[in-house]
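First the structure, in the form of structure tokens, and then the observations on it.
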2 protein chains.
Amino acid sequence: MKWDELAEQSCSMARTLSVIGDRWTLMVLRDCFLGVRRFDDFQRRLGVTRGILSDRLRQLTEAGVLDKVAYQDRPPRHEYRLTRRGLDLHPVILSIVHWGDVHMAGEAGRPILHRHKTCGALFDPVLSCSECGEPVRPHDVEVIRGPGHAADRHMPPDEAEG
Amino acid sequence: MKWDELAEQSCSMARTLSVIGDRWTLMVLRDCFLGVRRFDDFQRRLGVTRGILSDRLRQLTEAGVLDKVAYQDRPPRHEYRLTRRGLDLHPVILSIVHWGDVHMAGEAGRPILHRHKTCGALFDPVLSCSECGEPVRPHDVEVIRGPGHAADRHMPPDEAEG
DNA sequence: ACGAGTCAGTTCTGAAATCGAACGTACTTT
DNA sequence: AAAGTACGTTCGATTTCAGAACTGACTCGT
């Protein structure tokens with residue numbers, strides 16, 4: 001299966017991965033959330049080859065996750081900014097970072113900490129229910145067929161949840 | 001840069017991606033959370049080649065995300081189950097699926113819906129602050145150097161947040 | 001005026017990963 | 001005995017990636 005075919009599956013996971021399911025794409029997005037906006041800055045910070053970076057920035061722009069904005073005319077220079085769509089990826093990035101903090105941190109502890117400006121505290125991200133506000137645990141989630149469901153294979157095979 | 005080198009960076013994002021930063025790995029994990037446990041079931045549902053699947057299941061097992069458990073002896077057969085470490089990836093998967101629901105769903109609407117068993121409602125996952133319980137927005141997060149920080153490049157270049 | 005530096009890419013070649021399909025092994029079912 | 005199930009491995013052809021050099025348009029220092 002190719003990336004393009006992945007996008008056509010009636011599975012939100014597959015469709016999202018057709019946009020961000022690549023290590024460099026996610027590393028680029030991490031840097032975007034840290035405020036990086038220019039080609040050479042991405043390249044130096046990530047150590048990715050220029051060819052790959054060029055390709056990934058183009059893909060993200062085409063997907064509407066980044067916006068390519070000119071900041072000078074002669075010579076033409078642009079910067080890449082997160083769109084609304086891109087900003088909505090924040091939970092994905094934070095969840096990934098948090099898992100690394102908990103399960104992959106070395107002896108020395110976490111490389112970075114997050115402070116919630118509105119309450120002032122150092123915090124961990126918690127995934128909670130939009131309706132009752134309580135934290136969501138894996139076994140408390142039931143997967144139900146939605147209106148956009150096609151007869152694919154993204155439903156539980158029989159019983160759910162492992 | 002190779003995958004192995006990624007794991008050695010003092011960045012939780014990079015370290016996590018060295019484990020799950022691959023489209024097939026994430027598709028396998030999606031199916032794990034839907035209750036899929038056996039080789040051929042993964043293969044049929046995902047359409048991935050058997051070689052890749054074999055490799056990814058081995059990697060996930062080595063990383064402690066899945067556990068390979070025998071369910072019969074003659075012939076020896078195993079199933080792959082999420083460990084505690086693996087279950088902790090639930091927020092990552094849910095966040096990715098939710099982004100797809102919001103930004104990649106077709107005309108027909110979402111392919112699947114989630115029900116929160118403890119409150120009974122259909123819900124969206126919301127990332128909130130472990131300290132005050134409020135939803136976390138991109139601009140409300142400040143990144144701070146932690147104890148495990150090495151002089152790498154995962155801090156904001158100057159000012160934060162885009 | 002001249003070379004050095006910045007910024008945003010493109011182009012090249014060899015190395016590595018991936019695809020699709022077939023094959024192997026050890027059982028169970030018909 | 002033949003077909004099916006389960007879990008992989010192996011193989012050659014294709015695709016992607018890494019590392020490095022190169023282009024082009026401009027700016028800055030001397």
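Convention: sequence-line order gives letters A, B, ...; per-chain numbering from 1.
Straight-line distance from the CE atom of A:M27 to the P atom of D:dA18: 12 Å, rounded to whole Å. In this entry the distance linking CD of B:E79 with C1' of D:dT5 reads 16 Å, nearest Å. For the pair B:D55 CG and D:dC11 P, the interatomic distance rounds to 17 Å; values are reported in whole Å. Distance A:F39 CZ to C:dG9 P: 6 Å, rounded to the nearest Å. Taking atom NE2 of residue A:H78 and atom P of nucleotide D:dC26, one finds them 13 Å apart after rounding to whole Å. Atom CD1 of A:I52 and atom P of C:dG9 are 15 Å apart (whole Å). Per the geometry, CG belonging to B:L57 stands 11 Å off P belonging to D:dT9, to the nearest Å. Look at CG on A:L53: it is 16 Å from P on C:dT11, rounded to the nearest Å.
The base of C:dA8 is paired with the side chain of A:R50 by a donor and an acceptor separated by under 3.5 Å. Between the side chain of B:R77 and the base of D:dA6, at least one donor-acceptor pair of N or O atoms lies under 3.5 Å.
A salt bridge between A:R56 and A:D22 is present, with a side-chain N of the basic residue lying under 4.0 Å from a carboxylate O of the acidic one.
Nearest-nucleotide mapping onto DNA chain D: of A:P75 and A:G51, the residue sitting toward the 5' end is A:G51. Sequence order on DNA chain D of the closest nucleotides to B:K68 and A:V48 puts B:K68 first from the 5' end.
Contact check, B:Y80 against D:dA6: no side-chain N or O comes under 4.0 Å of OP1 or OP2. Using a 4.0 Å cut-off, some side-chain N or O of A:S54 falls inside it from OP1 or OP2 of C:dT10. In terms of phosphate contacts, A:W24 brings no side-chain nitrogen or oxygen within less than 4.0 Å of OP1 or OP2 of D:dC17. The phosphate of D:dG8 (OP1 or OP2) has no side-chain N or O of B:R56 nearer than 4.0 angstrom. Checking the phosphate oxygens (OP1, OP2) of D:dT5, no side-chain nitrogen or oxygen of B:R44 falls inside 4.0 Å. Between B:R74 and the phosphate of D:dT5, there is no side-chain N or O to OP1/OP2 separation shorter than 4.0 Å.
Side-chain contact of A:H116 with B:D140: a donor-acceptor pair under 3.5 Å is absent, judged by distance alone.
Looking only at side-chain heavy atoms (C-beta outward), A:L113 and A:F123 stay at 4.5 Å or farther from each other.
Taking the six-membered ring for Trp, A:H78 and A:Y71 have ring centres at least 6.0 Å apart.
Among D:dC17, D:dA6, C:dC19, the nucleotide with an atom closest to any side-chain atom of B:Y71 is D:dA6. Listed nucleotides: D:dC17, D:dA6, C:dG9. Nearest to the side chain of A:D22: D:dC17.
The shortest non-hydrogen separation linking A:V19 to A:L60 is O-CD2, 4.3 Å.
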